[in-house]
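What follows is a short report on a single structure.
The sequence lines fix the lettering, A, B, ..., with proteins before strands; numbering per chain opens at 1. All values below were derived from every heavy atom in this structure, side-chain atoms included, with hydrogens, water molecules and symmetry-related copies excluded. Quick caveat, the model's predicted, so the values are computed rather than measured.
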Protein chains: 2
Amino acid sequence: MTTRLDRAVIRDLAMFRDLAEADLDAVLAAATTKRLAPGDIVFNQGEIADAFFVLLHGRLKVTQTTPDGQQVVVRHVNPGEVFGIARAVRRPDFPGTAEAVVESLALGWPSDHWDVLTARCPALAVNALATVGQRLQDAHTRIRELSTEAVERRVAHALLRLVRQAGRKTDDGILIDFPVSRQDLAEMTGATLHTVSRLMAAWETKGLVASGRKRVVVRDPHALLMIAEGEG
Amino acid sequence: MTTRLDRAVIRDLAMFRDLAEADLDAVLAAATTKRLAPGDIVFNQGEIADAFFVLLHGRLKVTQTTPDGQQVVVRHVNPGEVFGIARAVRRPDFPGTAEAVVESLALGWPSDHWDVLTARCPALAVNALATVGQRLQDAHTRIRELSTEAVERRVAHALLRLVRQAGRKTDDGILIDFPVSRQDLAEMTGATLHTVSRLMAAWETKGLVASGRKRVVVRDPHALLMIAEGEG
DNA sequence: CGCGGTGTTTGCGTTTGCGCAACACTCTCC
DNA sequence: GGAGAGTGTTGCGCAAACGCAAACACCGCG
């Protein structure tokens with residue numbers, strides 16, 4: 001917040017594509033930065049959506065909680081992505097809760113500013129449309145998986161998705177670059193903690209994955225893909 | 001196509017909110033009308049998205065088919081809604097198949113025209129964003145249901161959603177105003193045809209619903225809501 | 001170093017919903 | 001009016017996944 005932000009920070013983000021340099025400066029001028037420790041909540045489900053954000057660094061988990069207390073992981077927010085744009089889609093409140101899973105850094109703008117910014121840069125609305133559209137595709141993919149695939153395949157898919165989003169190559173295999181618990185995997189796939197644990201244990205003995213406390217390494221992505229695609 | 005369209009036709013649709021009269025005329029000038037008989041396909045999954053549409057009258061079903069042939073009903077398109085806006089979200093092809101379930105009437109525009117129209121009317125992009133955002137909410141709701149709720153509750157929810165979208169009051173109860181088969185309900189809820197059939201049969205004896213071939217009447221929405229919310 | 005909390009494993013009984021299969025009904029088309 | 005396809009119904013057996021419960025590893029903290 002005290003440090004001056006350079007436009008290079010946001011220039012390459014999908015959200016700010018095709019914006020003029022001057023516009024980038026205008027956008028940045030209204031932004032505040034927010035540092036987050038693991039476990040910190042950016043906003044809670046149901047709160048008035050008074051701001052929207054871009055994640056510069058780190059990783060967030062967005063969840064929804066049902067009236068009876070069950071949680072579902074809606075998605076993970078990766079660096080460079082916007083989140084909390086409820087107001088842009090004419091929603092007064094946040095539909096989910098955003099929590100940092102690692103040390104993170106975000107930019108924030110007051111929600112009211114969205115209209116100001118889009119009025120100045122119509123490209124913002126167009127980019128937001130593409131972003132939300134992509135998320136809708138992802139959601140439909142997930143609906144299709146939940147509707148038609150067995151738990152085993154869904155968990156395999158979830159792991160592969162994590163690899164794509166946050167995989168970091170190590171000599172041991174591909175490490176998911178942030179803490180993921182069995183519970184998380186369960187909430188991502190609509191399974192129970194127990195079933196996920198059993199699956200992971202089985203895969204561990206087969207050498208497909210290696211995992212510890214909130215830590216997952218995928219050793220054989222190809223074999224996992226076979227399982228995900230149904231011929232495991 | 002031959003008949004001249006009046007702007008009153010689209011003025012009140014969410015998509016064309018806040019457009020000037022002149023703009024409405026410009027939009028209509030580029031539109032062609034499309035008459036659809038039940039079973040007609042507007043576009044197929046995977047086809048190049050060369051057009052986008054607004055449904056003026058009737059009802060469509062949008063489905064996705066998995067590589068192994070299983071179908072999922074993504075959503076139903078109701079009068080006044082846009083569909084097939086793949087290009088607006090920067091997708092080259094249609095992610096699903098749109099099929100008329102009753103006699104329908106749609107307006108269509110070439111996809112290339114989207115950029116022309118949004119350039120002229122930025123409000124269109126903003127409205128589209130709100131629309132897609134709403135759909136994303138709906139998708140997340142469905143993901144939550146699929147992840148946490150038992151089949152019975154999901155089917156109850158699906159019926160109530162149909163009532164909201166297409167319910168028509170009759171002296172017999174609330175009729176779903178277009179053909180809905182058990183198979184459809186199954187594909188909407190991630191259950192099998194058989195399970196849905198059994199559920200409907202059970203509800204029929206309890207007087208909650210009355211149904212026949214592709215026809216559903218909800219007689220006791222309140223009781224159905226109790227089931228949907230978990231205390232049935 | 002011991003302790004509490006959190007995350008993970010594992011066993012066992014249970015149930016839900018699927019898979020298969022046969023049958024009944026209804027609308028359509030010839 | 002009859003054949004046939006598309007829908008809907010129902011019974012039965014089974015397996016996958018859940019729910020409960022208890023024990024176990026691991027981490028951070030004082």
For B/L199 and D/dT9, give me the distance from atom CG to atom P, rounded to whole Å. 12 Å
For B/T63 and B/E99, which I'm curious about, is there any donor-acceptor pair between the side chains at under 3.5 Å? no
Should B/V62 and B/R75 count as side-chain neighbours, where that means a heavy-atom distance under 4.5 Å? yes
Step-by-step side chain to side chain donor-acceptor pair (under 3.5 Å) determination, A/S181 to A/D184: CA-CA 5 Å; A/S181 70; A/D184 289 331; 3.2 Å; yes
Which pairs, protein N/O on one side and nucleotides 7-11 of chain C N/O on the other, fall under 3.5 Å?
unit_1	atom_1	unit_2	atom_2	d
C/dG7	OP1	A/K214	NZ	3.4
C/dT8	OP1	A/K214	N	3.0
C/dT8	OP2	A/R182	N	3.0
C/dT9	OP1	A/R182	NH1	3.2
C/dT9	OP2	A/R182	NH1	2.6
C/dT9	OP2	A/S197	OG	2.7
C/dT10	O4	A/H194	ND1	3.2
C/dG11	N7	A/R198	NH1	3.2
C/dG11	O6	A/R198	NH2	3.4

B/E149 CD to C/dG17 C1': how many Å, rounded? 16 Å
The helix from C/dC1-D/dG30 to C/dC30-D/dG1: angle between terminal helix axes, five bp per end, to the nearest 10 degrees, reads 40°
Rounded to whole Å, CG of B/L146 lies from P of D/dC18 at a distance of 14 Å
What is the distance from CG of A/D184 to P of C/dT6, rounded to the nearest Å? 15 Å
Are B/Q165 and B/H76 close enough that a side-chain donor and a side-chain acceptor fall under 3.5 Å? no
When A/M188 is tested against each of A/V196, A/L159, A/L162 for side chain to side chain contact (heavy atoms under 4.5 Å, CB included), which residue passes? A/L162
Do A/D172 and A/T170 have side-chain N/O donor and acceptor atoms under 3.5 Å apart? no
Going by side-chain hydrogen bond (donor to acceptor under 3.5 Å, both in side chains), name the residues that satisfy it together with B/T192, two or more places apart in sequence or in a different chain. B/T195
Partner of A/W114 under ring pair (Phe, Tyr, Trp, His ring centres under 6.0 Å), chosen from A/W109, A/F52, A/F53: A/F52
